[in-house]
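Bear in mind that the values here come from a model prediction, so they are computed numbers and not experimental data.
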Amino acid sequence: MSSSVSATVTHTNGRTEGSIGSQSMSDYRAKARQKRLPPGYSGWLHLMWLFAGCAFVCTLSVLLMHNVHWWELAMLPVFFILANLYEYVVHRYPGHHKWSPPMENFFKSHTGVHHKFFTYNQMFPTNGESDLYFVLFPLSYYSLWLVAVIVPSFTIGRFFLTWNLCLLLTCVGALYLMNYELFHSYSHNALPRVLQRSLDRLPGMAFIRQNHRLHHHPRMMIASNFNITYPIFDWVFGTLVGQVKD
């Protein structure tokens, strides 16, 4: 793409974090790939590691359960709501507001790179599966995310939850992470073609994609549409927006 673009990334105090300005998007993306892409990177392999890792954690959790009661299974919707809240809070605050290390690295990766590589007017990859690097979290972030779920579940949670509930919470966390990256990649049209087209046929997916595209608008990214998956807490906190604000 040879057209010029203008994309500015800011945080709450109004200072500019990064700007593409009049630089063409194709030039910016080329430089970002040259600077950040690891040698031999495979986006499909990245996706496979994610799905395999989450499936393994969930399967192991289920296998370790014993004598599961109906009331324990009845907690699944509660855990889903907690996961949706976790997604919202992490995306809205450390994802779009500069904090002290180590959360500052997450802000730089998400707001400083992802939101500059993918803008409201250029949401899709242009270099094949290697551009998944700028969509998906680094593999190290997945480990931290799972630790953030597993450690509280089996330390603090053990005082309030049964063994089975701790395992169910871990399983829900792993599946939700997989769901998040699946929907996020879909919103950027970055999935393998067969999977992308399969999701296109599901009801509500066009809304999910448009909802995320609006979030990538410079005037909306720090204020609206933080739920990539299901906009439950965007609705609760009044940050669900269906069009670009003037």
Side-chain angles (χ1 to χ4, degrees), residues 37-91 94-95 102-103 105-106 109-110 114 129-188 190-196 198-199 202 205 208 227-230:
L37 268 180
Y41 173 79
S42 169
W44 300 153
L45 190 59
H46 193 154
L47 268 180
M48 288 174 59
W49 272 109
L50 164 67
F51 291 168
C54 289
F56 173 78
V57 170
C58 189
T59 300
L60 182 61
S61 298
V62 171
L63 291 176
L64 290 174
M65 295 178 196
H66 55 87
N67 298 325
V68 180
H69 299 285
W70 68 266
W71 56 268
E72 291 175 321
L73 293 176
M75 288 294 291
L76 284 172
V78 176
F79 292 160
F80 169 80
I81 293 296
L82 289 175
N84 190 263
L85 176 61
Y86 182 86
E87 172 198 4
Y88 180 91
V89 170
V90 171
H91 189 183
M103 298 309 295
N105 294 330
F106 177 54
S109 173
H110 184 70
H114 175 70
E129 49 95 11
S130 65
D131 278 355
L132 267 170
Y133 180 83
F134 299 95
V135 178
L136 302 171
F137 290 129
L139 291 176
S140 59
Y141 281 35
Y142 299 143
S143 301
L144 292 174
W145 195 90
L146 289 174
V147 167
V149 173
I150 293 171
V151 172
S153 296
F154 289 92
T155 54
I156 300 173
R158 286 295 290 148
F159 293 100
F160 308 99
L161 305 175
T162 65
W163 171 259
N164 287 336
L165 285 176
C166 292
L167 291 168
L168 278 173
L169 180 58
T170 300
C171 183
V172 169
L175 289 178
Y176 200 95
L177 174 59
M178 184 165 59
N179 188 176
Y180 174 92
E181 289 289 53
L182 182 67
F183 279 21
H184 192 205
S185 299
Y186 168 81
S187 296
H188 287 284
L191 293 171
R193 185 173 301 178
V194 173
L195 183 55
Q196 190 78 28
S198 297
L199 291 175
L202 297 179
M205 293 307 294
I208 294 292
N227 279 128
I228 305 299
T229 54
Y230 315 98

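Asn179 contributes no side-chain N or O that, together with a main-chain N or O of Thr229, makes up a donor-acceptor pair within less than 3.5 Å. Between the side chain of Ser109 and the backbone N or O of Asn105 there is no donor-acceptor pair closer than 3.5 Å. His110 places no side-chain N or O within 3.5 Å of a backbone atom of Gly95 that could act as its donor or acceptor partner. Although no hydrogens or angles enter the test, the distance criterion places a donor-acceptor pair under 3.5 Å between the side chain of His46 and the main chain of Phe137. Between the side chain of Asn227 and the main chain of Glu87, no donor-acceptor pair closer than 3.5 Å is present. When atom types are taken as modelled, the side chain of Trp44 and the backbone of Pro192 share no donor-acceptor pair closer than 3.5 angstrom.
Side-chain contact check for Leu168 versus Ser61: every heavy-atom pair is 4.5 Å or farther apart. In this structure, the side chains of His188 and His114 come closer than 4.5 Å at one or more pairs of heavy atoms. Using a 4.5 Å heavy-atom cutoff, the side chains of Trp163 and Met65 are not in contact. With a 4.5 Å cut-off on side-chain heavy atoms, Leu165 and Phe160 do not count as touching.
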- Item | Chi angles and distances behind the side chain to side chain contact (heavy atoms under 4.5 Å, CB included) call for Leu37, Ser130 | CA-CA 8 Å; Leu37 268 180; Ser130 65; 4.2 Å; yes
- Item | Verdict with supporting geometry, His91 and His184, ring pair (Phe, Tyr, Trp, His ring centres under 6.0 Å) | CA-CA 12 Å; His91 189 183; His184 192 205; 7.7 Å; no
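Using modelled atom types, one finds a donor on one side chain and an acceptor on the other under 3.5 Å when comparing Glu181 with Tyr142.
Annotation: the span from Leu50 atom CG to Leu182 atom CG amounts to 9.0 Å, rounded to 0.5 Å. Note that OH of Tyr180 and CG of Leu136 are 10.0 Å apart. Values are rounded to the nearest 0.5 Å. Atom CG of Leu195 is separated from atom CZ of Arg193 by 13.0 Å, given to the nearest 0.5 angstrom. Note that OH of Tyr88 and CG of Asn84 are 10.5 Å apart. Values are rounded to the nearest 0.5 Å. If you take CZ on Phe79 and CG on Leu169, they are separated by 5.0 Å, rounding to the nearest 0.5 Å. The CG atom of Leu175 lies 5.0 Å from the CE atom of Met178; values are rounded to the nearest 0.5 Å.
No more than 12 heavy atoms of other residues, nucleotides or ligands sit less than 6.0 Å from atom CH2 of Trp49. Other residues, nucleotides and ligands contribute more than 12 heavy atoms inside 6.0 Å of the OH atom of Tyr41.
The two residues Leu47 and Ser185 have their closest heavy-atom pair at CD2-OG, 4.5 Å. Residues Cys58 and Ala174 come closest through the heavy atom pair N-CB, 4.5 Å.
Screening Asn67, Leu167, Leu161, Asn164 for a side-chain contact (heavy atoms from CB on, under 4.5 Å) involving Glu72 leaves a single residue, Asn164.
Between Tyr86 and Tyr176, the distance from one ring center to the other does not fall under 6.0 angstrom.
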